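Working notes, structure below.
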Amino acid sequence: MKKGDHLFLVDGSGFIFRAFHALPPLTRKSDGLPVGAVSGFCNMLWKLLTDARDTSVGVTPTHFAVIFDYSAKTFRKDIYDAYKANRQAPPEELIPQFGLIREATRAFNLPCIETEGFEADDIIATYARQAEAIGADVTVVSSDKDLMQLVTPMVHMYDSMKDKQIGIPDVIEKWGVPPEKMIDLQALVGDSVDNVPGIPGIGPKTAAQLLEEFGDLDTLLARAGEIKQVKRRENIVANADQARLSRQLVSLRTDVPLDLALDALVLEPQNGPKLIAFLKAMEFTTLTRRVAAACDCNAEEIEPAVLKIEWGERAHGPDLDAGVPAKAPIDTGEAAAEAPASLPKAAVAKGVGGATPAELAQARIEAFAKAKLDPSCYVTVRDVEVLDDWIRAAQETGLVGFDTETTSLDPMQAELVGFSLAIADNTDNPTGLAVRAAYVPLIHKTGVGDLLGGGLAENQIPTSEALARLKPLLEDPSVLKVAQNLKFDYLVMKRHGITVESYDDTMLMSYVLEAGKANHGMDALSERWLNHKPIAFKDVAGSGKSGVTFDYVDIDKATAYAAEDADVTLRLWMVLKPQLAAMGLTTVYERLERPLVEVLARMEERGITIDRQILSRLSGELAQKAAAFEDEIYQLAGEKFTIGSPKQLGDILFGKMGLPGGAKTKTGQWSTSASVLEDLAATGHELPRKIVDWRQLTKLKSTYTDALPGYVHPETKRVHTCYSLASTTTGRLSSSEPNLQNIPVRTAEGRKIRTAFISTPGHKLVSADYSQIELRVLAHVADIPQLRQAFSDGIDIHAMTASEMFGVPVEGMPSEVRRRAKAINFGIIYGISAFGLANQLGIERSEAGDYIKKYFERFPGIRDYMESTKSFARENGYVETIFGRRAHYPEIKSSNPSVRAFNERASINAPIQGSAADIIRRAMVKMEPALAKAGLSARMLLQVHDELIFEVEDEEIERTLPVIISTMEQAAMPAIAMKVPLKVDARAASNWDEAH
DNA sequence: CCCCAACCGTA
DNA sequence: GTACGGTTGGGGG
C-alpha cells in the first residue's frame with residue numbers, strides 16, 4: 001500500500017444488525033432461510049466495488065476488507081465484567097446470517113477478518129491508523145458512533161444505507177465535539193446497550209457542553225468542583241472512576257495483532273462464476289443478473305453453490321474458521337477440506353415458526369423416544385429392479401441410512417456380505433415418521449452344516465451388479481449418507497471401488513455431544529435415544545464356538561438385523577443432528593470429526609511395511625535372553641514358578657523370601673510393579689532386578705516382536721492399524737489391532753523394534769513431531785508470561801522452570817535440578833498432586849508439596865487456570881478445548897474425595913491434552929490438500945498423538961519436509977491464533993527408529 | 001468362553 | 001498426577 005491508495009474497511013457485524021433493523025419486511029429464501037441482511041450486504045458490496053465513485057464516497061477502492069467480531073469474549077470483558085453483559089441473544093432470524101455474510105464476503109473474493117479477543121472496531125481502528133500513517137485514504141463503511149473517534153482528514157466513514165459520507169464536520173454537527181473528543185464524550189454519556197456505565201444524568205448534549213468548557217475528561221474530572229449544578233457536580237465527583245473505566249472501554253485499540261498485512265488487502269478482480277454460484281444459491285435474482293452482465297458470464301450455466309450454513313444451524317458459538325481469510329498467509333487447503341455434506345432440503349426447511357434450535361432439538365428427542373420402530377417396513381431386496389427403486393427413492397429424499405454387513409470387524413479383511421438402506425418418508429413430521437429399510441443380501445451361503453461348503457444361496461443380486469447400481473448413490477454429493485462408524489463402511493466400499501461422498505456419522509455426533517458421559521456404540525445410542533433395544537449381533541450370528549460369519553446367517557434373520565441397523569442409524573441422525581446445532585457443536589463436528597473419517601480411512605488403507613525378518617531375529621534374541629533370566633530367577637527363588645503371575649511372584653518375594661512389601665494393589669495383593677521391584681533392588685536384593693529385566697524382555701517379545709507379524713495383511717503385505725475416532729474423553733485418537741501408538745522408544749532394546757518399521761524401496765519414512773505441544777498449549781490457555789517468552793525465544797523450557805523455581809542459572813545447571821523441574825511441568829499438565837509428584841521423584845510428600853507451592857508462587861497464572869478450570873467443570877459437568885470440544889466429567893461432584901480429586905485432575909488435563917489433539921487433527925485434515933497443492937506424493941501413514949509419519953519418495957523429501965512442517969505449525973490457524981509458536985521437528989530415514 | 005486385574009508400552 | 005491398548009494369569013461360569 002502506498003500514499004494515495006484508498007482502503008475500504010467494512011464493519012460486517014455492525015452491518016448485519018443495522019440492516020436487520022432498517023429493513024423491516026423480512027426477506028426469506030424459498031426454504032425459509034432469512035436473508036434480508038445478506039441481501040443488503042451483497043448489494044452494498046457490489047455497489048462499492050463497481051461504482052464507489054458514483055456514491056458519496058467519490059473514490060474507487062484499491063484495498064478492501066470486511067471485518068467481523070470474533071465472539072463476545074474480548075479484552076473489554078476482562079477490564080469490565082459487565083461489558084455487553086445485558087445484551088440479549090440476537091434474534092432467531094439473524095443467526096444464520098452471520099455465517100452467510102462471511103460466505104458472501106468470500107464469494108466476493110474479499111478478505112474476511114476477525115481476531116480473537118478483539119472487536120471488529122479495534123481491527124478497523126488498527127488498519128485505519130496503519131493506512132493513514134502510510135498516507136492512504138480510508139473509508140470505514142459503518143455509521144456506528146463507536147467508530148467516529150477514528151475520523152480524521154484522511155479517514156472518513158460511510159453510511160451505506162443513507163449513502164452519506166461522514167467527515168469531521170459531520171461528527172461535530174451530530175455530537176457537538178470533534179472526532180478526537182468522541183472518546184471522552186462516550187465515556188461521560190455511557191452506552192446502555194453495551195453496558196458502558198458513563199456518568200448518570202449526563203447525555204450527549206451536556207457532555208459536549210462540559211467538554212467544550214473544560215477541554216477534556218481528565219481536566220473535567222479534576223475540576224469537577226467548579227460545576228455549578230449541584231446534582232451534576234455530585235454525580236461527576238461520585239462517578240469519576242466509572243467515567244475513567246468507560247473511557248477505557250470505548251477507546252478503540254490500534255495495536256491488534258493482524259494476520260493479514262495491509263498489502264494483503266489489495267483488491268483482487270472478481271471471480272464471476274464463484275460469485276454467481278453464491279448469489280444463485282441465495283436466490284438474489286436481480287443482483288445475479290447484474291453480476292452476470294458485468295462479468296460477461298452466462299448465469300444459466302452456473303450451478304448454485306452448496307451453502308454451508310443451514311437454517312437452524314450454528315445457533316451458538318461462532319464457527320471458529322468462519323473468518324478464513326480469502327488470502328490466508330499459508331494455503332492450508334482449508335477450503336477443500338470443508339464440509340461437503342449439507343442437510344437435504346426436506347430436513348432443513350422447518351422450524352421457521354420461530355422455535356429455537358434448543359426447542360427443536362428437544363422436540364426431536366421427545367418425538368423419537370416415543371416413536372416405535374416398525375419391522376414390517378423392512379424388506380429383503382433380491383432383484384435389481386427393486387434395488388433401483390430404493391436407490392431412486394434415496395436420490396429423491398436426499399437422505400439415506402446406510403450400513404454394510406461383512407464377514408469381519410476388520411475393514412481391510414472384511415468381505416461384503418450385504419448392505420442395507422433406510423429411507424425416511426416424512427422427515428418434516430418426525431412424530432409421524434415412517435422409516436422403511438431394505439437389506440440387500442449379496443453372498444449369503446446355504447446352511448452352515450452344508451457339507452458341500454455352503455454354496456451361494458439363491459435369489460441374491462450378484463455383488464458386481466448391485467454395487468454398480470449403488471455406486472452412483474454413494475458417490476452422489478447431493479445425497480447425504482448416514483452411517484454409524486462410517487470409517488468401517490467407507491473402507492469396505494473403497495475396497496470395492498466406491499468412494500462415499502457426503503456423509504454424516506452418528507457415532508461421531510454422539511462423541512461430540514457426550515464424550516466422557518456415554519458410550520457411542522449403536523446399541524447404546526438406540527436404547528438411550530430411541531427407547532429401542534436392537535437385535536444383538538450374537539442373537540443372529542451366535543458367538544464363540546457356535547458363532548458364524550454373517551454370510552452364514554439366514555437371510556430373513558439377516559434382514560431383520562441389518563435393516564434395523566440402517567433404520568436405527570437414520571433415526572439417531574434425526575435426533576442427534578439438531579442437538580449439535582443447539583449445543584453450538586456443529587463446528588467441532590464438521591471441522592474436527594467428520595473430515596477425519598476419510599483421512600484416517602486412507603491412512604489405514606495405506607498401512608506400513610514391517611520387516612518380518614528383523615522381528616523374527618529380535619524375537620529369537622529376546623527368547624534367549626529371557627530364558628537366561630528364567631534360570632537365574634528360579635535359582636534365586638529356590639524353585640520354579642510362573643514368573644508372569646504377579647500372585648505367585650508376590651508369594652515368592654513377600655512370603656517365602658520375606659522381603660518387605662511396598663504398595664498394595666486395589667484388591668489387597670502386594671504390588672509387584674516395576675517401581676516396587678526397583679525399590680527392592682536398591683536395597684541390595686538380586687531377584688527383583690532380574691524380574692524387572694525379564695518382564696521387559698518378555699513384554700517386548702509377546703506384545704511386539706511376536707504379535708506384529710500376525711497383523712501383516714496377506715495381500716498388501718503391510719500392517720493396517722485401526723484408528724478409533726471416538727474412544728477417548730479428550731479427543732485423542734486411539735490405535736488398535738495392532739496398537740501402533742505404543743511402539744517402544746524409551747529403551748535401546750525397545751527401539752530395535754522400531755527399526756522393523758521400514759519404507760518401501762525408493763522411499764523414506766518421515767517422522768514429524770510437535771515439540772512440547774502440551775506445554776505450549778498450557779502457556780497459551782493459562783497465558784503465562786514466562787512460558788510464552790521462553791517458547792518465543794526457543795529456550796529450554798524445563799531449565800527455565802528450574803531456574804525460576806530454584807534460582808539456579810540455566811548455564812551449567814545440574815541435570816538433577818532440571819529433571820525435577822521437568823517432572824513438575826509434566827505434573828502440572830496432569831493436574832498435579834503432591835502424592836503423584838512425590839511418587840515420580842522419589843521424594844517425601846511434604847517436599848513435593850513445597851515444590852508445588854513454590855511453582856504456584858512463580859507461576860500464579862497456572863494456579864488460576866487450574867482453579868477456574870475446576871470450577872467450570874463443577875458448574876457445567878464438562879470442560880472445553882480451545883476449539884470448543886467438550887470432555888464430560890459427570891463424577892466431578894462425587895462425594896467420594898478420591899473420585900472427586902481424580903475427576904478434577906482429569907478436567908485440568910483434558911483441555912490441554914484435548915487442544916493438542918485438536919491441533920494435530922486439524923493438521924491431518926489440512927495435510928493432504930497441502931501436499932497435493934504442492935504437487936507432492938507423500939502419503940501420511942500413522943499418527944502417534946503428537947507425531948505424524950509419512951512415506952515419501954526419495955527425490956521429494958527436501959520439498960516435502962517444509963510443507964509438512966508448516967502445515968503442522970500453522971494447524972491452529974485461522975481458528976485460533978496461538979500466543980506461543982508451535983514447533984515441529986521432522987526427519988527422514990529408511991526406518992522409524994532413525995526417522996524419529 | 002468370557003471377563004477382570006495387574007502390569008507395562010506410548011504420548 | 002493425564003490419556004490409551006495389549007498381554008498374561010487366573011477366576012467364574
Side-chain angles (χ1 to χ4, degrees), chain A residues 515-516 538 542-547 641-650 663-677 691-692 695-704 706-708 710-711 721-724 727-747 749-751 753-754 769-775 778 823-841 845 848 852 866 879 887 889 898 901-914 916-917 920 942-947 996:
Chain A
K538 63 171 194 282
S543 65
K545 216 175 82 177
S546 61
F641 67 103
T642 309
I643 307 172
S645 164
K647 188 176 167 344
Q648 292 185 34
L649 177 62
K664 290 258 186 88
T665 70
K666 63 182 164 191
T667 53
Q669 297 274 321
W670 288 115
S671 167
T672 64
S673 68
S675 70
V676 170
L677 299 183
I691 302 285
V692 170
R695 277 189 182 163
Q696 194 203 18
L697 297 170
T698 53
K699 168 94 176 174
L700 294 177
K701 183 170 184 293
S702 66
T703 307
Y704 303 104
D706 290 351
L708 283 172
Y711 288 100
T721 185
C722 177
Y723 287 104
S724 170
S727 60
T728 71
T729 305
T730 55
R732 275 195 178 179
L733 304 180
S734 76
S735 155
S736 63
E737 293 175 274
N739 181 354
L740 295 186
Q741 291 180 324
N742 70 347
I743 302 302
V745 70
R746 287 177 193 179
T747 64
E749 199 68 35
R751 271 199 300 277
I753 290 163
R754 290 199 169 214
D769 68 302
Y770 283 106
S771 159
Q772 310 278 17
I773 187 168
E774 293 192 347
L775 278 174
L778 176 68
I824 293 167
N825 278 334
F826 275 97
I828 295 295
I829 289 171
Y830 298 152
I832 203 151
S833 77
F835 179 83
L837 183 63
N839 242 359
Q840 177 68 29
L841 287 175
R845 202 186 310 189
I852 295 170
M866 290 183 158
V879 290
Y889 294 94
S898 72
F902 175 81
N903 278 272
E904 286 176 351
R905 291 193 298 271
S907 46
I908 287 167
N909 172 256
I912 304 170
Q913 187 186 112
I920 197 165
L942 304 178
Q943 188 247 39
V944 191
H945 307 308
D946 65 359
E947 174 188 16
H996 184 75

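The figures that follow rest on heavy atoms only: side chains count, while hydrogens, waters and symmetry mates do not. Throughout, protein chains are lettered first and strands after them, A, B, ... in sequence-line order, and every chain is numbered starting at 1. Fair warning: this is a prediction, and the values are worked out from it, not measured in the lab.
In this structure, A:T698 reaches neither bases nor backbone, as no heavy-atom distance under 4.0 Å exists between it and the strands shown. Looking at heavy-atom distances under 4.0 Å, A:R905 makes contact with sugar-phosphate atoms alone, never a base. Base engagement by A:R746 is indicated by at least one non-hydrogen atom pair under 4.0 Å involving a base atom. Here A:A838 lies out of heavy-atom contact (under 4.0 Å) with every strand. Residue contacts for A:A917: at a heavy-atom cut-off of 4.0 Å it reaches no nucleic acid atom on any strand shown. Here A:T728 lies in heavy-atom contact (under 4.0 Å) with sugar-phosphate atoms only. Among the atoms of the strands shown, only primed sugar atoms or phosphate atoms (P, OP1, OP2) are found under 4.0 Å from some heavy atom of A:Q648. Within the nucleic acid shown, A:A707 comes within 4.0 Å of sugar-phosphate atoms alone, with no base atom in reach, counting heavy atoms only. Within the 4.0 angstrom heavy-atom criterion, only backbone atoms of the sugar-phosphate kind lie near A:Q696; the bases stay farther away. Residue contacts shown for A:S724 are absent, as no nucleic acid heavy atom lies under 4.0 Å away. Contact annotation for A:E737: backbone-only contact, meaning every heavy-atom pair under 4.0 Å involves sugar-phosphate atoms and none involves a base. Contacts of A:G831 with the nucleic acid, taken as non-hydrogen atoms under 4.0 Å apart, are absent. Contacts of A:I829 with the nucleic acid, taken as non-hydrogen atoms under 4.0 Å apart, are absent.
Looking at A:I691 and A:I643, their side chains come closer than 4.5 Å, going by heavy atoms from C-beta outward. The shortest side-chain heavy-atom distance between A:K664 and A:W670 falls under the 4.5 Å cut-off. A heavy-atom distance below 4.5 Å is found between the side chains of A:L708 and A:L740. Counting heavy atoms from C-beta outward, A:Y830 and A:I912 have side chains that stay 4.5 Å or more apart. Contact check for A:I920 versus A:R732: no side-chain heavy atoms found under the 4.5 Å cut-off.
Boundaries of the chain A contact region on DNA chain B are B:dC1 to B:dA11, first to last in 5' to 3' order (nucleotide atom under 4.0 Å from a heavy atom). A 4.0 Å heavy-atom criterion places the boundary nucleotides of DNA chain C facing chain A at C:dG1 to C:dG11, written 5' to 3'.
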If you apply the rule side chain to side chain contact (heavy atoms under 4.5 Å, CB included), what do you find for A:R695 with A:L677, and how did you get there? CA-CA 11 Å; A:R695 277 189 182 163; A:L677 299 183; 3.8 Å; yes

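Nucleotide C:dG13: unpaired (no Watson-Crick or G-U wobble partner with both distances less than 3.5 Å).
Put simply, the side chain of A:S907 gets close to the backbone of A:E904: a donor and an acceptor are under 3.5 Å apart.
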